[in-house]
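Just below is one structure, and these are the notes that go with it.
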Amino acid sequence: EKGHITDFKTYLEDLHEVLTKTIYPHYPSNTRFVFIGLSLGGQLALQYLETYKNDPVEQLILMAPMLLFKTDPWPFGLAKNLSCLMSALGFSQEYAIGYGNYNPAAQKFMKWKTHHSIEAFTQDTTLLLEHPELRTGGPTFAWVCAAFKAIESTMDPQKLKSIHIPVTFIIASDDATVDNSYVRKAKDIIPNAKLVNLEGAWHNLIRESDTYRVPILQTIASAVEHSH
């Protein structure tokens, strides 16, 4: 149940294997793909294109990408150094401070300010109560340390400048999980990037209420349409 990994390269290598062995071969060789990622998926999509530059991807659409996560109440530097130190001292597979197993029965709507949809909250809670194998608990010290290192690599200005395909960033103005200032930095560096800010939205954009989800889907549809 723990969110554990020692290096985000494992995510990238796994994704590369899935794409090149099970996805790309089923389409004509001239097919171009659009990557759409949320949160961690957005960070990984960006880092993936920085790493595998020759993949047939024509556009990125990144929703609330984890280009830096908020560490409140801990200062950023302390959170980073403490996580890596605890990992190095042999506590790599222990939950990071403040995290533990996920108990859907104990969750309260809007507690974590992830989205505004009571319907989505009820659906997710019911699903995880019925299928405990799908639950993911909090991150370990090693995961947090690896995340900081991956974010630092992803935000390298030279790597960001190397991405020449269109990139659409969709952010939630009231995101309590990721730091939008880093998304704005990435947008300013990537040559062909734009940013859409959803005023009042929270982090989990694909589970948001229709007030926010409808314009998100419209933005995605428009971006994909203009890529052809």
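Sequential numbering from 1 along the given sequence is applied to the chain's residues. Only a predicted model underlies this, so the values are computations on that prediction, with no experimental measurement involved.
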Starting from the C-alpha separation in whole Å, work towards a yes-or-no answer on side-chain contact (heavy atoms from CB on, under 4.5 Å) for N192 and H164. CA-CA 6 Å; N192 189 7; H164 294 287; over 6 Å; no
Stepwise side-chain contact (heavy atoms from CB on, under 4.5 Å) test for L60 and T168: CA-CA 6 Å; L60 292 177; T168 299; over 6 Å; no
Before giving the answer on side-chain contact (heavy atoms from CB on, under 4.5 Å), spell out for L40 and Q43 the whole-Å C-alpha distance, their side-chain angles and the decisive distance to 0.1 Å. CA-CA 5 Å; L40 171 60; Q43 181 274 324; 3.8 Å; yes
Apply the test side-chain contact (heavy atoms from CB on, under 4.5 Å) to residues V178 and L67: give CA-CA distance (whole Å), side-chain angles for both, the deciding distance (0.1 Å), then the verdict. CA-CA 7 Å; V178 304; L67 301 186; over 6 Å; no
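Using a 4.5 Å heavy-atom cutoff, the side chains of N197 and R184 are in contact. The closest side-chain heavy-atom distance from L19 to Y52 is not below 4.5 Å. Looking only at side-chain heavy atoms (C-beta outward), M155 and K185 come within less than 4.5 Å of each other. Side-chain atoms of I216 and V196, non-hydrogen and from C-beta on, never get closer than 4.5 Å to each other. Side-chain contact between L62 and V167 is present, with at least one heavy-atom pair separated by less than 4.5 Å. Proximity of H16 to Y48: side-chain heavy atoms (C-beta onward) are separated by under 4.5 Å at one or more points. Within the 4.5 Å cutoff, the side chain of L128 has heavy atoms near those of the Y102 side chain.
Screening residues 14-24 for salt bridge (charged side-chain N to carboxylate O under 4.0 Å, His left out), with sequence neighbours left out, gives E17-K21. Every pair passing salt bridge (charged side-chain N to carboxylate O under 4.0 Å, His left out) that includes a residue from residues 142-161 is listed here, sequence neighbours excluded: K80-E152. Within the structure, the ring-ring contact (aromatic ring centres under 6.0 Å, His included) test picks out the following pairs touching residues 125-149 (sequence neighbours left out): F8-W143, F69-F148, F76-F148. Sorted by first and then second residue, the salt bridge (charged side-chain N to carboxylate O under 4.0 Å, His left out) pairs with a member in residues 199-220 read D124-R207, D210-R213; sequence neighbours excluded.
Under a hydrophobic clustering in which Ile, Leu, Val, Met, Phe, Trp and Tyr are joined whenever their side-chain heavy atoms come within less than 4.5 Å, directly or via other members, L38 and V34 fall into the same cluster. I189 and M66 fall within a single hydrophobic cluster, where Ile, Leu, Val, Met, Phe, Trp and Tyr side chains are chained together by heavy-atom contacts under 4.5 Å. Residues I165 and L15 are members of one and the same hydrophobic cluster, defined by side-chain heavy-atom contacts under 4.5 angstrom among Ile, Leu, Val, Met, Phe, Trp and Tyr. Taking hydrophobic clusters as Ile, Leu, Val, Met, Phe, Trp and Tyr residues chained together by side-chain heavy-atom distances below 4.5 Å, I151 shares a cluster with I163. In the hydrophobic clustering of this structure, W74 groups with F91; members are Ile, Leu, Val, Met, Phe, Trp, Tyr whose side-chain heavy atoms approach within less than 4.5 Å, directly or through other members.
Remark: side-chain polar atoms of Q107 are paired, donor with acceptor, to backbone N or O of N103 under 3.5 angstrom. With S87 contributing its side chain and S83 its backbone, the two residues share no donor-acceptor pair below 3.5 Å. Between the side chain of T140 and the main chain of S92, a donor-acceptor pair closer than 3.5 Å is present. Here the side chain of S209 pairs no donor or acceptor atom with the backbone of H116 at under 3.5 angstrom. A distance-only check finds no donor-acceptor pair linking the side chain of R32 to the backbone of V57 [under 3.5 Å]. Of the possible polar contacts, none joining the D7 side chain to the A146 backbone as a donor-acceptor pair under 3.5 Å is found.
Here the CG-CG distance, from L49 to L12, works out to 10.5 Å after rounding to the nearest 0.5 Å. The line from CG of L68 to CG of N180 is 10.5 Å long, rounded to the nearest 0.5 Å. Taken from CG in L160 to CG in L46, the straight-line distance is 6.0 Å, to the nearest 0.5 Å. To the nearest 0.5 Å, atom CD of residue E130 and atom OG1 of residue T125 are 11.0 Å apart. Note that OG1 of T10 and CD1 of I5 are 4.5 Å apart. Values are rounded to the nearest 0.5 Å. For the atom pair T219 OG1 and M63 CE, the distance stands at 10.5 Å (nearest 0.5 Å).
Closest non-hydrogen pair, W202 versus D174, comes out as CD1-O, 3.3 Å. Listed here is the closest heavy atom pair of L129 and P104: CD2-CG, 3.7 Å. Of all non-hydrogen atoms in A64 and L205, the two that sit nearest each other are N-CD1, 4.1 Å. The minimum heavy-atom distance between T126 and T122, with the atom names listed, is OG1-O, 2.8 Å. Shown here for H4 and T6, the closest heavy-atom pair between the two residues is NE2-CG2, 4.2 Å. Nearest heavy atoms, I170 versus P65: O-CD, 4.3 Å.
Within 6.0 Å of CD on E1 lie more than 12 heavy atoms contributed by other residues, nucleotides or ligands. Within 6.0 Å of NZ on K53 lie more than 12 heavy atoms contributed by other residues, nucleotides or ligands. More than 12 heavy atoms of other residues, nucleotides or ligands lie within 6.0 Å of CG in N30, so this atom counts as buried by the packing criterion.
Residues Y95 make up the rest of the hydrophobic cluster containing Y99, defined by ILVMFWY side-chain heavy atoms closer than 4.5 Å, directly or through other members.
With sequence neighbours left out, F33 forms a ring pair (Phe, Tyr, Trp, His ring centres under 6.0 Å) with Y24, Y27.
Here the two rings, on F121 and H115, have centers that are 6.0 Å apart or farther.
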